[in-house]
Each structure stands twice: as C-alpha cells, then as structure tokens.
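All remarks here apply to the structure that follows.
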There are 2 protein chains.
Amino acid sequence: MTTARRSDTTRAAILEAARERFAADGYERATIRAIARDAGIDPSMVMRYFGNKEGLFAAASEIDLALPALGALPSRHIGAVLVNHFLDRWERDDVLTGLLRVCVTNEIGAARMQAIFEAQLGPVTLGVCPEPEEAPARAALVASQILGMALSRYVLRFPPAVEMSRDEVVAWLAPTVQRYLTAEAP
Amino acid sequence: MTTARRSDTTRAAILEAARERFAADGYERATIRAIARDAGIDPSMVMRYFGNKEGLFAAASEIDLALPALGALPSRHIGAVLVNHFLDRWERDDVLTGLLRVCVTNEIGAARMQAIFEAQLGPVTLGVCPEPEEAPARAALVASQILGMALSRYVLRFPPAVEMSRDEVVAWLAPTVQRYLTAEAP
DNA sequence: GCGACGTGTCAACACCTGTTGGCCTACAGT
DNA sequence: ACTGTAGGCCAACAGGTGTTGACACGTCGC
C-alpha cells in the first residue's frame with residue numbers, strides 16, 4: 001500500500017501551476033521558473049520530480065477521457081451528446097485548453113491531441129457510421145468542428161463565439177456532428 | 001514614382017524566410033537569427049528594416065484577402081464557393097498556416113486572424129443570412145469550421161484529414177457552412 | 001576628388017532559458 | 001541518540017534571445 005508522502009502536495013502544486021501556465025501561455029512562454037514561482041518552490045524541484053520540461057508537460061497534460069456510456073442511447077441524439085460532452089470536458093479544467101495551445105507548436109502535444117480524439121471518437125464512430133472504412137475520415141471531420149469551436153471560443157476568444165450560450169453552441173453544432181457521423185457519404 | 005532600390009530584394013528575402021519560419025515553428029521558436037540565416041544576411045538587417053520582431057511578423061503576415069466576386073452567384077452555392085476559396089487561400093502559400101500557428105500564443109496574431117475573418121466573412125454573412133443581428137454569430141460558426149479543418153489538415157496533420165481529397169473536404173464542409181449562413185436559427 | 005548616403009557586417013550587451021550539483025534541514029528507523 | 005535519507009534551496013553553468021552601436025564597403029551627386 002502506498003502511503004501519502006510529504007512530497008505529494010508539492011507535486012500537485014507543481015502540476016496545477018503547470019497546467020495554468022501551459023493553458024495561458026503555450027509551451028515556450030510557460031517557463032519552468034514561472035511555474036515554480038506559482039507553486040511556491042524552487043525550479044530545481046521541477047527537474048527532480050519530472051526530469052525535464054517535456055516530462056512536466058507530459059504529466060500535466062494527462063487526461064482521463066471520462067467517456068460517457070454511449071451504446072444505449074438512441075443514435076439520433078449522439079451528436080448533441082457528443083458536443084455537450086466535449087464542451088463539458090473543455091470547461092471543467094484548462095487541461096484541454098493547454099493542450100490545444102501547445103499542440104500547435106509541439107510534437108508531443110500534437111501526438112497526444114491526436115491520441116485523445118482517436119480514443120474518444122474512434123469507438124463511437126465505428127459504432128454508428130454506415131461503412132467501417134469511412135470511420136477515420138468521419139472522426140476527423142467531427143474533430144475539425146470540435147477543435148475549431150474550442151479554438152474560437154476558448155483560445156482566440158472571438159467575441160461572437162464567446163457570447164453564444166452553451167445551448168446555442170450545442171444547437172448549432174449537434175446537427176453538423178450528427179451528419180458527419182451518420183449521413184451517407186456525399 | 002518609386003524606383004527599385006537594391007535593398008528591395010533583401011527585404012523580400014527576409015519576408016519569405018520569415019513566412020516559412022513562422023509557418024513551420026510558430027512565433028517564439030522562429031528566431032530572428034534563423035530567419036536571417038535563411039535569407040543569407042545579418043540579423044541586424046532585420047531590425048533595420050522591420051524595427052523589431054513584432055514588426056517583422058506584422059509585415060510577414062499581411063494578406064491580400066482576394067475576395068471572390070460574391071454578389072452575383074446563386075446563394076445555394078455560397079457554401080461550396082466559400083470553402084473552396086479558403087482552401088485555395090490556405091494552400092497557395094503558408095501565410096495563413098503561419099498566422100494560425102502564431103495566433104494561438106500571440107495577441108497580435110490573434111487580432112489579425114480575427115480581422116481577416118471579419119473582413120472576409122462579414123459582408124458575405126450580412127448579405128445572405130435571414131436576420132442581420134445574427135450575422136456575427138453565424139460568421140463565428142463558419143470560422144470555427146474553417147479554422148478547425150485548417151488546424152487538423154495543415155497544422156496538426158491528422159492523417160485522415162490530410163488524406164481526404166480536396167473535393168471530399170468541400171463536399172463534406174459546404175453543407176455545414178451553407179447551413180450556418182442561411183438556415184433559420186435552431 | 002570627396003563627402004553623403006545606402007547597404008551591409010561584426011562584436012557585444014543585457015537578459016532569460018533549461019538544467020545541474022552541492023549544501024542544508026528535518027524527519028524516520030533502529 | 002545517531003544516522004540515513006527525502007525534501008528543499010542556492011548558486012552557477014552553458015547556451016540562446018532580441019536588440020544595439022560602431023565600423024567597412026560601395027555608389028552616387030557635385
């Protein structure tokens with residue numbers, strides 16, 4: 001059994017500060033010194049616990065996917081459920097915002113973003129789309145709309161995208177996602 | 001009349017190298033030294049011609065919008081025309097890819113990206129959408145889909161998004177854009 | 001001929017970055 | 001009570017950054 005060490009609180013403080021900084025500044029501008037200052041410890045502690053900056057980012061961008069139970073619900077509502085789920089996931093904490101800010105200039109971040117969408121969307125898409133070999137393209141289309149809205153709303157903060165209510169976003173995007181998943185190929 | 005100076009070729013070489021570096025590396029990792037090395041001149045020339053790094057980026061990310069003549073065509077095809085136009089604009093050079101990579105971590109880039117979409121989409125949206133006060137939200141929805149596909153295809157290079165043919169992309173996205181612009185609000 | 005000016009290079013500044021190793025302190029096990 | 005070790009800080013390294021000023025070469029007007 002693993003007993004709680006004294007260092008666990010420090011680790012947690014570092015990770016929280018790192019997530020905030022990566023989300024606010026991206027990879028290069030989120031410096032280890034700034035993260036350490038936010039966490040109230042010395043920069044060298046970051047190295048001791050996470051090896052180097054890439055290791056810190058890898059640890060700070062780990063996400064539990066928290067897939068909803070999807071098999072049972074009627075496939076007509078799957079678009080709305082999916083959009084709602086992703087908006088939830090984006091607004092609960094700033095891990096995904098950080099990942100989106102980082103993946104644009106960092107290979108590791110890009111690979112992780114791709115892995116997340118594969119794991120999130122792969123099974124869902126395979127379950128509902130008409131032809132299995134179309135599943136990857138359909139998943140990529142859904143990803144493009146989800147990522148584009150997240151970019152406009154949470155990163156670039158385009159005023160109209162920010163001012164839309166959450167229900168409005170779902171009402172507009174759900175039919176798009178639904179069509180990408182279930183409509184016959186054009 | 002402005003006669004051609006000898007320095008114009010140098011300016012052009014700097015701008016071309018800067019566009020490539022910004023598109024490949026983003027703002028922070030695209031160093032002035034690397035750009036100058038690519039252009040075959042000294043870093044201090046960059047400062048002399050463009051003042052500082054922000055000035056260089058501002059000059060390198062200037063875009064002639066090249067709006068197509070839009071008023072005359074039947075409004076049923078406006079979605080396909082718009083998607084085609086943006087894909088063209090993204091693939092002609094790497095200015096927009098650079099802007100997309102930069103705007104995620106740089107205020108000036110974000111503001112410029114927003115300005116581009118306002119200028120590109122604003123008039124079109126106002127011309128075709130049912131209620132004028134809905135125009136900004138509809139333009140933001142279109143921007144989210146366009147930006148998301150550009151991110152997946154040209155920046156993150158998700159394999160399924162890259163492997164789709166250009167006609168497939170247009171066939172899938174055009175109805176989405178068309179709906180965001182002309183359908184009644186949900 | 002000669003100074004002014006445009007074009008360019010060189011060397012340096014001041015600062016910030018990730019990363020490392022040594023030293024100190026306090027608690028745990030025996 | 002003593003010692004080992006985990007947790008933490010400090011100072012420094014080596015390298016890279018944007019940016020600046022002094023100096024060299026060429027070409028033009030006069």
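Residue numbers start from 1 in every chain, and the chains themselves are labelled A, B, ... in the order their sequence lines are given, proteins ahead of strands.
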Going 5' to 3' along nucleotides 18-25 of chain D, which nucleotides have protein heavy atoms under 4.0 Å from the base (write B), which only from the sugar-phosphate (write S), and which from neither (write -)? BBBB----
Contact summary for A:D42 and A:S44, nearest pair of heavy atoms: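 Of all heavy-atom pairs spanning A:D42 and A:S44, the closest is OD2-OG, 2.7 Å.
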Nearest atoms (heavy-atom pairs only) where B:E91 meets B:Y154: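 So the minimum-distance heavy-atom pair works out to OE2-OH, 2.6 Å.
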Going through the distances and angles, do B:D38 and B:R21 end up as a salt bridge (Lys or Arg N to Asp or Glu O under 4.0 Å)? CA-CA 9 Å; B:D38 289 357; B:R21 284 284 177 177; 2.8 Å; yes
Nearest whole Å is fine: how far is [N] [atom2] from [X] [atom1]?
X	N	atom1	atom2	answer
A:M45	D:dC9	CE	P	6 Å
A:F22	C:dG18	CZ	C1'	12 Å
A:D8	D:dG7	CG	C1'	12 Å
B:Y49	C:dG6	OH	P	10 Å

Quick one: are [X] and [Y] in side-chain contact, heavy atoms under 4.5 Å?
X	Y	answer
B:T125	B:V142	no
A:L100	B:V104	no
B:M113	B:V102	no

Regarding B:F50, tell me which of base, sugar-phosphate or nothing describes its non-hydrogen contacts under 4.0 Å with the strands shown.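 Since no nucleic acid heavy atom lies under 4.0 Å of B:F50, the category is nothing.
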